[in-house]
Number of protein chains: 4
Amino acid sequence: MKTKELRIGIIGYNFMGRAHSNGWLQAAKFFDLESLPVLQVACGRNGSALRAFADRWHWKHIETDWKKVVERDDVDVIDISLPQHLHAEVALAAAEAGKHIFCEKPMALSSGDAGQMLQAAEKAGIKHYVNHNYRRCPAVRLARRLIDEGKIGRIFHWRGAYQQDWIVDPEFPLTWHLRKETAGTGPHGDLNSHSVDLAHYLVGDVKSVSCLMSNFIKERPLPGEGAATFSAGKSTGPRRTGEVSVEDASLMLVEFANGAVGSFEATRFAPGRKNRNTFEIYGSEGSVAFDLERMNELQYFSRRDPEYAQGFRTILATESSHDYIANWWPPGHTIGYEHTFVHGMVDFINAIDGNRPIAPDFADGLKCIKVLEAGARSAETGQRVAVDSMPALERIAS
Amino acid sequence: MKTKELRIGIIGYNFMGRAHSNGWLQAAKFFDLESLPVLQVACGRNGSALRAFADRWHWKHIETDWKKVVERDDVDVIDISLPQHLHAEVALAAAEAGKHIFCEKPMALSSGDAGQMLQAAEKAGIKHYVNHNYRRCPAVRLARRLIDEGKIGRIFHWRGAYQQDWIVDPEFPLTWHLRKETAGTGPHGDLNSHSVDLAHYLVGDVKSVSCLMSNFIKERPLPGEGAATFSAGKSTGPRRTGEVSVEDASLMLVEFANGAVGSFEATRFAPGRKNRNTFEIYGSEGSVAFDLERMNELQYFSRRDPEYAQGFRTILATESSHDYIANWWPPGHTIGYEHTFVHGMVDFINAIDGNRPIAPDFADGLKCIKVLEAGARSAETGQRVAVDSMPALERIAS
Amino acid sequence: MKTKELRIGIIGYNFMGRAHSNGWLQAAKFFDLESLPVLQVACGRNGSALRAFADRWHWKHIETDWKKVVERDDVDVIDISLPQHLHAEVALAAAEAGKHIFCEKPMALSSGDAGQMLQAAEKAGIKHYVNHNYRRCPAVRLARRLIDEGKIGRIFHWRGAYQQDWIVDPEFPLTWHLRKETAGTGPHGDLNSHSVDLAHYLVGDVKSVSCLMSNFIKERPLPGEGAATFSAGKSTGPRRTGEVSVEDASLMLVEFANGAVGSFEATRFAPGRKNRNTFEIYGSEGSVAFDLERMNELQYFSRRDPEYAQGFRTILATESSHDYIANWWPPGHTIGYEHTFVHGMVDFINAIDGNRPIAPDFADGLKCIKVLEAGARSAETGQRVAVDSMPALERIAS
Amino acid sequence: MKTKELRIGIIGYNFMGRAHSNGWLQAAKFFDLESLPVLQVACGRNGSALRAFADRWHWKHIETDWKKVVERDDVDVIDISLPQHLHAEVALAAAEAGKHIFCEKPMALSSGDAGQMLQAAEKAGIKHYVNHNYRRCPAVRLARRLIDEGKIGRIFHWRGAYQQDWIVDPEFPLTWHLRKETAGTGPHGDLNSHSVDLAHYLVGDVKSVSCLMSNFIKERPLPGEGAATFSAGKSTGPRRTGEVSVEDASLMLVEFANGAVGSFEATRFAPGRKNRNTFEIYGSEGSVAFDLERMNELQYFSRRDPEYAQGFRTILATESSHDYIANWWPPGHTIGYEHTFVHGMVDFINAIDGNRPIAPDFADGLKCIKVLEAGARSAETGQRVAVDSMPALERIAS
């Protein structure tokens, strides 16, 4: 009955490769889609690891050269699951080849790259999506709904933080996340990009930024063999160290175009915060608060409740009245991290099928990077920086 | 201007003596009272400890014989701050002498005693009050208000527990609380009496009880010199032990007259629960939940909120719209344990001045004891016991 | 490389059919298994619904007669995803055919049925498993680990509740869950069975039970066409009602064989509790507490911490040191309801491959039903009932 | 027995006058003091309100001219309970008269004033104290203890906020708190001063500040007769409005001298946050978090717990092992807002009796103001400001 197919070519097979493979598969199981995603080609440089990955997730074909994937006729979507410094080149080629693009975040290393990606995508008329997946938590969607309905009123405050603790140990090695040439930045890009995207989604555009960055541990051991994002790998030979070239923490104060003010904190040095992506929004009519570590919940306060009965409600966003939930389990049955990916895949497929826009797209991704670049500038100069005053940075990451 | 006085005679000067002295003093400072309480006479058996107590709290006179206090012309109120086995005798004499009575909980060792106290008090036409102080947390009053306004609807469930952990250590000594002749019961009387009183206040009368009691530690060291409720005192001489003659935990299931069902748990063996007096109430329109360890908060869920925005609200009961609060501090400034006593004193004084009823009075105290006695019977027999089937127990505690 | 297969035949395709299908598929994706589960045959009575189900989940074959599935040579495991009144007959046939059995909970309508199932399974030498899935929350496993390591010490208290609110509305129709002939009991079997299984797992065997049941709404509209567990279906024609023949709430007090005491509450009448399966365990050395609505967390209190620094820890059971987690996502990335099923499938497959025991098996399921039957007896008589005193109930559910 | 007295002269009888009167009285009731505080003289400009205040709190004498209080021989301590613009003049006179000074916060309108106050106090050799009362929450003291013991390790992050919501309503009138000439600043001085003091106490000195201020509502109705801090008073005649001349919110990022980074937010525009003074501190060994709305609790995370059992502990700081608590009630009995004042009075009296230093004194108060002034400068210029680069501001508030 469902004969339409959407053939995916994925570039990258690590953490994000798994999360995306699972997302495409689960989308078709739990949601009614016009086109069914087909796991067509998986691509990576390490042949045997790629083979194991493709077998496990039932990718039909494999390629070790990403350019070939982009050129294949039997691929409709390029799924970019690579580290950010590799996004731009792949995306430009994919757009040129007329493939839709599902791109991991952050979109690119620089606004220059991001701008080119956007231009290419628009020229090609393809669908383009940046996977800021937390927009698609049902609880976050509920926050947006309350805002859209006027239940928060005029927004005064955004207070956000994205806190982790996986590099507090000084013996944690110098993996690619901690080197400027591969990661561009530390938590400023990795975590603040999520927060800025959420702030854009929920509050609006950022006008100016003051930023403070800090580096707590300047030297770390080099990673051993087989090291991955969150593990040190097996060290062999004598201990060698290298310089941490990205910041360990990034704090920002911002003015929004609509008059609200906001704060952001991104750090990997907050013991006990495993993956706490939290925000509070205060407005003239009410407030909402969210914490990813309790991602099935939204806190909501309404000034319209009778005064003696006002309080922050813990809304369990697990009911069929909440976005996406009716497709999963009965009331009160919680979902987890990976479900946000599935929701992204579902909406992306529906956007293609219905030829409808989807957000966040490359324009949103670019906007996010511009705020982060203004932050980086401010951190260097100590001066508040207007986002509009920033030039587009030019280079293509290699 | 305020020339009316209400002269208090207090019997007992330990933990409750302090809490009551403070209560009478703070009542006059923070609330506008027609009659001002006067700390007239303090009574206790140990002359020097009594002297120190009276000096610290500015009691005008002292007596070492409680009968003399009851007989004094310059005393209007007898404040019974004694262990429960001594309540009845003092209360009967006070009623006969026409004094109003402010009585610590639980009201008496038996429904026989409590019944006589009630009879005597009513015959004398005095005001009588049992200090189940948690009724007077603003958050608990708010629960009652929501129920009275129909916001909870028909009540289905009471789920309560009163949990402490101060005798988990087997070396905690055999103080008076752990001996039947002085305490009557363990947490069944001490803690469940609070919970049953709250259930009466919030849900209604109890019809039947099934009860299970347990004694985890059967033998304990005898207390040293100077031992008090929560401290072991200094032990002298060789270690001697005695038998714990009250239960360590008491669990009850009840049917309420209105069709609701309920559960109670009282224990001193719940590590980490320092003074957790908690209840949940579920009804056809909504729910409330309370925990004394966060006594400034009430949880409230309303089925009348829009479905997608329903959730338990954490109401901070610290606003001027909440009972008693306007007399304390500005919005959001929390109160503590002792404030519940002050509220009791204030309402008691106002009841006398306005010749109005006050609850819980001796009738409420008696009703509470009858439920506990039905529970004790059930624990022995293993059979569900109808509260009405219980005979009044006869003896006066000595 | 992985050529061993474990071929599954599933009977039932509703809520549990989906959850199980997903479980088998995800097990192979996220865990390294010796045998790969193969979705061989799906069985149901409604041919077109079955077809859609099989297509979506990629079941290779379909059957509309469960007996044929049991007899097929190409099936190794019978997965019983049916309402409980149909478990026994299928299980007996499956055992006789030498198939391993993965059985939904509660195991059967009666201890008589369950006993026969156990006997048949043991005689056949197959692996048998009852899917009390909450044992396999990483947070629950952590509770067990703390207990096993002696960190809780001698257990004094179990305080459990399983609370939902999906039938508070009196217009919710009389679905199969609310009729004795199909469901056997209400929340007593549906929810308390989960709680009793957890108590068995964490505390130990139950010795005696006192139970109180209640029925708040006695008459409900008949369900419309297409009604399912949690939805009313489309009503056609004039409104007709029927009698609710199972209890709405069931409360129990129990003695454990090891001297601990416990309480259970199961209800579908607790507004705001969407799927709150919660327990508190208190012991001589510490305490743990769990709430399924925050299933990634375990509360743990240790009396061994320095006195001034003792407190309930909120352990985020999302780290690689927690059971199952290393196979999912990086630290701090939460999982959801369905993951407990995956863990059950993984352990079941490993048990078969390694010829190792797995719990809870039919003996555990039987033990659980015996406690519930003692509870039902107690609810009728008002008397505490010793679990050992209960005769095995004889009938096979039809 | 206790014949030593410490005679207090209080200037101001509003909110802080009550809180201080209560503090002096309770200090003597609950704590063992060498000198007993005597409520000697109360001073205010409105004779009849002053009379009522003195009667209620039993102040022995009254004065309507503060200079007379300062000059009285029968006064040992001047308690400055006035709005901040009046602190400096009174404090200078009190110091000159050789009286000890207990001064409300913030210490003064400017660092110039504060510097003169400090100089005068040191020259006079008196005890001087600024009542940043939240240092004296037992839970905050516990945070300091954990830091002092090395349990937090090297500190990386301070994340603080002080949020209220009492002026969200645009009809809330232009009381003295909202006018620059009386209040100096808005929440920047009123609330951030508390937070900065806590950060100084717990983390250390602040080196630089970036600040962003905002004013959400620029015009408000003039207050009616009898308006006080948190109430609008009765308005008479036609509606008139005035300009809000202080900021509504103030956000800061700071560098600490020890390398930590921090953020602060002070606002009166956070619906639902009634009096939320919250901070999180993250260090190399652990973390602590506090929220004044749950002031009896401290959150503590230790990296030294076994990895699988790490989590934020909710320490109920109500045990006798916690500072001040043994003088109040038994374990688990919570205290409230006003108790922090009592603790301040107790420590102040003990400092005088023992001729020991007490913090925060005028040097600490000055240091706090300097940080706030650097913040105000940064808010104007958009530039990060080094605290040391700020000149002392000169004027004496009139």
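Each chain gets a letter, A, B and so on, in the order its sequence line appears, and its residues count up from 1. When reading the values below, keep in mind they use all heavy atoms of this one structure, side chains included, and skip hydrogens, waters and symmetry mates.
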**Message:** Quick check: closest heavy atoms across L251(A) and G262(D), and the distance to 0.1 Å?
**Reply:** CD2-O, 3.7 Å
**Fill in**
When rounded to the nearest 0.5 Å, the distance separating OG of S284(A) from CD1 of I217(D) is 8.5 Å
**Request:** Hey, could you give me the CZ/OG1 distance between R159(D) and T278(A), rounded to the nearest 0.5 Å?
**Result:** 6.5 Å
**Message:** Looking at R154(A) and F216(D), would you say the former's side chain and the latter's main chain have a donor-acceptor pair under 3.5 Å?
**Reply:** yes
Using non-hydrogen atoms only, which part of [X] is less than 4.5 Å away from chain A: side chain, backbone, both, or neither?
X	result
S378(D)	backbone
M252(D)	backbone
A161(D)	both
S302(D)	neither
V385(D)	neither

**Prompt:** Checking side chain to side chain contact (heavy atoms under 4.5 Å, CB included) for the pair R303(A)/D169(D): CA distance, chi angles, key distance, verdict?
**Reply:** CA-CA 10 Å; R303(A) 291 188 64 235; D169(D) 185 347; 3.9 Å; yes
**Prompt:** Any idea which of S210(D), A249(D), G283(D), G153(D) has the most non-hydrogen atom pairs under 4.5 angstrom with chain A?
**Reply:** G283(D)
**Asked** Counting heavy-atom pairs under 4.5 Å to chain A, which of K274(D), Q299(D), M213(D), E280(D) comes out on top?
**Response** E280(D)
**Prompt:** Which class fits the ring pair F269(D) and F156(A): parallel under 30°, tilted 30 to 60°, perpendicular over 60°?
**Reply:** perpendicular
**Request:** Look at atom CD of E219(D) and say whether more than 12 heavy atoms of other residues, nucleotides or ligands are closer to it than 6.0 Å.
**Result:** yes
Between [Y] and [X], is there a side-chain heavy-atom distance shorter than 4.5 Å?
X	Y	value
Q163(D)	H157(A)	no
E265(A)	V261(D)	no
R384(D)	L212(A)	yes

